[in-house]
Amino acid sequence: MGLRLFNTFSAKVEDFKPIGDRVGIYTCGLTVQGPPHLGHIRAAVSRDILIRWLLHSGYKVIALENFTDIDDKIIEKQKELNTDWRIIAQENIDKYMKACDELNIIRANIYPKASQYIEEIIELVSKLIEKGFAYEKGGDVYFKVRQFPDYGKLSKKNIDDLVSGARCASTEHKEDPLDFALWKAAKSGEPYWDSLWGKGRPGWHIECSAMSMHHLGETFDIHTGGEDLIFPHHENEIAQSECATGKKFARYWLHNGWVTLGGEKMAKSTGHYFLIEDVLKDYRPNTIRLYLLKTQYRHQIEFSRERLNEAKAAYLRIQTYIHGFENLPETTEPLKLKEFTEAMDDDLNTPKALGIVFDLIKQGYEKPSLDIATSIKYYLKILGFVEEVPEQPFADVMEILHEVKAKIKDEKSGLLDNAAQELWNELENMKSSDEFFPNIVNVLLGIRNRLRKEKEYGLADFIRERLAQKGIQIFDKGDVSTFRVEAK
RNA sequence: GGCGGUAUAGCCAAGUAGCUAAGGCGGCGGUCUGCAAAAUCGCUAUUCGCCGGUGCAAAUCCGGCUGCCGCCUCCA
């Protein structure tokens, strides 16, 4: 059947057919005036899933994600913080990249910044002026919206409806209120580049056209971004690009839905958001990923602790199943591959795909099988879940060990046989290294089971509770106890 | 006002004509256990916002209505 994607342009799910042998993808990334919030991460995860699935389906991909590192808001910030715009931009880029790496988001091949493509931008603007689609006035350059008859075709807006709603403020240089800035003259004290029209800087929309065309060609396959960019940003990109080249710009337009908070869109401008760095303090990356993938990328997601906790509980179910299967062989023929493929091919239906994974987990518990375990692992990898190495609170368990030792000494030293005693001594001589973490926990479990046999439940439960406090869960199965470190 | 999205169980969320309406969370009951915890098993929507229509057959198509969200200004 093959991949089908919802194209905002046609408002339909379409068969995906790339132009060449390499799928070109451009993603509108952040305006790096502030640190990334969960909404930005959702866009990143949506792009990540798209790329993962394309790669899995055998496509080659070249992906770009831009950073708008120069714009009005960043200039404002520069004044406010009395620092350099480059520093602000870079700080936020670093934060974003760090969060993306933690969340196992596949990196784009190129992360262009607007400020690095001034030459290309100037060239493109000049071309638009030459062709009569743009004009210069007072050092500003504007795009003549009415010159492009298809304006509004992406966002399904009627040009005359826009006029009535358009703002009349600050149109001193505009011939028409609909026109938008390609180049903005610099005010004193603002960062600037020299151009044919004097000192200035690029408008917001033009950078994406310049950078995408520079790397992907005049027509490329997929353009992605948040739903809020459809108008005016993407509409303007289309207008500029298609007027400059006379060719179709992007062929598939994919837009992800919002993350909302109390039913309202999470947004920087309103201060109504949760920063990803804060969410990552309380939830592990796999939980956040599951939370996002539980809803199809086009739909709105409500942010709340309740939702995240729900995802955490659901992820625990997955984790519990795969625990103990760490060194599984790779499979090339997973179970339910057809169903999984159909779900993903259907506009990246991750909720459905996850349903298939949970079905397998259920089957795996009913009738343990290597095939099921390898299949689950195979799918988790496609969906971008990280293979987790849980943190090992070495110092904590050492502390517990000493507590237990003291208690036993005080109360019932005779309970422990010499073997346990020797093991203890051995452990105490070990260096503080995570390598020995499981050994120490196992010693504690051994002592606990000895205590349980002797019906010294008080102390046995003390060990269990202290470990639980440090996120180490104990599972008793007869006289064999295992443990699992639970993070967040 | 124009345009777009959305409405499925206590909550979240798949499903776009036809076997018993996926899956997750929660809840209830059981198993396991020294007791817990965890895990696991079972149960948990005769019904898909409302009204009407077309079909042998509709959550799914058509018409109307209502609610919620968003875009039309910077925004992932």
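Here the structure is a predicted model, which is why all the values come from computation and not from measurement. Within every chain, numbering begins at 1; the chains are lettered A, B, ... in the order of the sequence lines, protein sequences first and strands thereafter.
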(message) Students often get this wrong, so: under 4.0 angstrom with heavy atoms, is A:Q296 touching a base, only sugar-phosphate, or nothing?
(response) sugar-phosphate
(message) Partner lookup for B:rG1, please. Criteria are Watson-Crick or G-U wobble with both distances under 3.5 angstrom; report none if nothing qualifies.
(response) B:rC72
(request) Check whether the side chains of A:D176 and A:Y142 place a donor and an acceptor atom closer than 3.5 Å, and report yes or no. (result) no
(message) As a test of understanding, state which of A:T320, A:I472, A:I474 forms a side chain to side chain contact (heavy atoms under 4.5 Å, CB included) with A:R484.
(response) A:T320
(request) Check every strand shown and say whether A:G29 touches a base, only sugar-phosphate, or nothing at a heavy-atom separation below 4.0 Å. (result) sugar-phosphate
(request) Measure across A:R307 and A:E302 and return the closest heavy-atom pair with its distance rounded to 0.1 Å. (result) CG-O, 3.5 Å
(message) So, OP1 or OP2 of B:rG15: does either fall under 4.0 Å of a side-chain N or O from A:N349?
(response) yes
(request) Please check the phosphate of B:rG23 (OP1 and OP2 only) for any side-chain N or O of A:R317 closer than 4.0 Å. (result) no
(request) Nearest whole angstrom, please: distance from the P of B:rC12 to the CG of A:L354. (result) 18 Å
(message) Please classify the glycosidic conformation of B:rG30 as syn (within 90° of 0) or anti (everything else).
(response) anti
(message) By nearest atom, which of the nucleotides B:rA14, B:rG24, B:rC74 is closest to the A:P232 side chain?
(response) B:rC74
(request) For residues A:M266 and A:F274, determine if any side-chain heavy atom of one lies less than 4.5 Å from a side-chain heavy atom of the other. (result) yes
(message) Considering every strand and a 4.0 Å limit on heavy-atom distances, what is the contact class for A:V259: base, sugar-phosphate, or nothing?
(response) base
(message) Heavy atoms only, 4.0 Å cut-off, all strands: where does A:N256 land among base, sugar-phosphate and nothing?
(response) base
(request) Anything under 30° is parallel, anything over 60° is perpendicular, the rest tilted; go ahead and classify A:Y151 against A:F148. (result) perpendicular
(request) Would you verify whether the NZ or CZ of A:K12 falls within 45 degrees of the ring axis of A:F6 while also being under 6.0 Å from that six-membered ring's centre? (result) no
(request) Report yes or no: do A:Q90 and A:K95 form a side-chain donor-acceptor pair below 3.5 Å? (result) no
(message) Could you tell me how far apart A:K294 (NZ) and B:rC12 (P) are, to the nearest whole angstrom?
(response) 11 Å
(message) Check this one for me: any side-chain N or O of A:K312 less than 4.0 Å away from OP1 or OP2 of B:rC25?
(response) no
(request) Under a 3.5 Å limit for both distances, which nucleotide forms a Watson-Crick or G-U wobble pair with B:rG34, could you say? (result) none
(request) Return the value, rounded to whole Å, for the distance between atom OH of A:Y111 and atom C1' of B:rA76. (result) 14 Å
Enumerate all atom pairs, one protein N or O and one N or O from nucleotides 3-6 of chain B, separated by less than 3.5 Å.
residue	atom	partner	partner atom	Å
B:rC3	O2'	A:K156	O	3.2

(request) Can you label the angle between the A:H215 ring and the A:Y117 ring as parallel, tilted or perpendicular, going by 30° and 60°? (result) perpendicular
(message) For a quick check of understanding: with a heavy-atom distance under 4.0 Å over all strands, which category does A:G39 fall into, base, sugar-phosphate or nothing?
(response) base
(request) Nearest whole angstrom, please: distance from the C1' of B:rA76 to the CD of A:Q33. (result) 12 Å
(request) Please state how far atom CD in A:E310 lies from atom P in B:rG27, giving the value in whole angstrom units. (result) 12 Å
(message) Let me confirm one number: the CZ-CG distance from A:R107 to A:D101, rounded to the nearest 0.5 Å.
(response) 4.0 Å
(request) Would you mind reading off the distance between A:D346 atom CG and B:rG15 atom C1', rounded to a whole angstrom? (result) 10 Å
(request) Could you state the atom-to-atom distance from CD of A:E306 to P of B:rG24 in whole Å? (result) 18 Å
(request) Write down the distance between CH2 (A:W258) and P (B:rC74), rounded to a whole number of angstrom. (result) 13 Å
(message) Less than 3.5 Å apart, any donor N or O on the side chain of A:S115 or A:R201 sitting next to an acceptor on the other?
(response) no
(request) Report, as a single string ordered 5' to 3', how protein heavy atoms within less than 4.0 Å touch nucleotides 32-37 of chain B: B base, S sugar-phosphate only, - not at all. (result) --BBBB
(request) Remember a base hit wins even if backbone is also touched, and classify A:T224 as base, sugar-phosphate or nothing at under 4.0 Å, heavy atoms. (result) nothing
(message) Quick check on B:rA76: is either OP1 or OP2 less than 4.0 Å from any side-chain nitrogen or oxygen of A:T31?
(response) yes
(message) Checking contacts here: which listed nucleotide (B:rG23, B:rG26, B:rC41) is nearest the side-chain heavy atoms of A:A313?
(response) B:rG26
